Amino acid sequence: MKVFLCDNRKILASLTAELLAKQVRQKPDSILGLATGRTMESIYAELVARYKNHGLDFSSCTTFNLDEYVGLHKTNKQSYHYYMNEHLFRHINIEETRTHLPDGMAHDLILEGQNYDEAIGKAGGIDLQLLGLGENGHIGFNEPLSSFKSRSRLVVLSPESLEQNSCIFDGNINAVPVQALTMGIGTIMESRKIILTVSGKSKSSILKKFLEGPITAQISATALHYHNNCLVLADKEAASELTTRHILDHFMLHDPELKEIERMLP
Ligand code: GLP
């Protein structure tokens, strides 16, 4: 796991977008794993700008999103389908048939999870998976106590996630669907490359627990310590509780891969 710290949220979004853009330029038919949440909004805005101003070409890319609420139709404004269209897909040159999210309206939700993994496999596996970090350490909707080998599946959301995401449902926790479909931790771990982006003071405590360990079933993201190509990007607010900060600063000064990332800064 490598960690790159950015001065602020804006630089973090721009750098994350630039790393995604680099992937698309190097491999135009990339299979991208995408995420939702507030952290991703500015990243997608940066990607849209790169499409509009610099012709970044998404026409051969295929995308698989991490998750979707159960029971929300894709036209529902609170669905992740709607989120992705609003923040990214409708602004760039990607065909709808190349974009995938689990179908929260599927008649057979168990089968939908299995089919989702199968579709990822058939596409050739994910080249680059983008992740956010939930305040309880979830990745996708893999809540605490999820198996590190879990596959894409139907899950029940934790009370913390219902609370955290109630803001999208006018602050009404009872309006948040209790179930979701999510890519499994095992599925995420098969991605060839992973970028986890973490921003803001509200994430400082969970970033510390995730990065500094111990690896635990209580924090799903700690499974990423077993991935051999995972880059964590965080802003200084999110990094404010780290006790290993001096080590990370030292690595940033001397690690060639991190130096290369530094050269990509806006
Ligand atoms: C939701 C998503 C996660 C995302 C998390 C963080 O719970 N299912 O995939 O990482 O939100 O969201 P935010 O960036 O809004 O803090």
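Quantities reported herein were computed from a predicted structural model and do not represent experimental measurements. Ligands are counted one by one from 1 in listed order, and the atoms in each one are counted from 1 as well.
For residues 3-41, no pair satisfies ring pair (Phe, Tyr, Trp, His ring centres under 6.0 Å), with sequence neighbours left out.
Polar contact check, T36 against ligand 1: no nitrogen or oxygen pair lies under 3.5 Å apart.
N172 contributes no side-chain N or O that, together with a main-chain N or O of F169, makes up a donor-acceptor pair within less than 3.5 Å.
For ligand 1, the atoms lying closer than 4.0 Å to a non-hydrogen atom of Q164 are 6 (C), 12 (O), 16 (O). Proximity to G132 (heavy-atom distance under 4.0 Å) selects the following atoms of ligand 1: 10 (O).
Closest to atom 16 (O) of ligand 1, if we only count protein heavy atoms, is K203 NZ, 2.6 Å. G140 O, 3.6 Å is the protein heavy atom nearest to atom 3 (C) of ligand 1. Scanning the protein heavy atoms around atom 8 (N) of ligand 1, the nearest turns out to be D67 OD2, 2.8 Å. From the protein, the heavy atom lying nearest to atom 14 (O) of ligand 1 is T39 OG1, 2.4 Å. Annotation: atom 5 (C) of ligand 1 to nearest protein heavy atom, H138 NE2, 3.8 Å. The protein heavy-atom contact nearest to atom 1 (C) of ligand 1 is Y80 OH, 3.5 Å.
At a 4.0 Å heavy-atom cut-off, ligand 1 does not touch E135 at all. Contacts of N165 with ligand 1, taken as heavy-atom pairs under 4.0 Å, involve the side chain alone.
Considering all non-hydrogen atoms of both residues, D127 and S30 come closest at OD2-CA, 3.4 Å.
Between F210 and H225, the ring centre distance stays below 6.0 Å.
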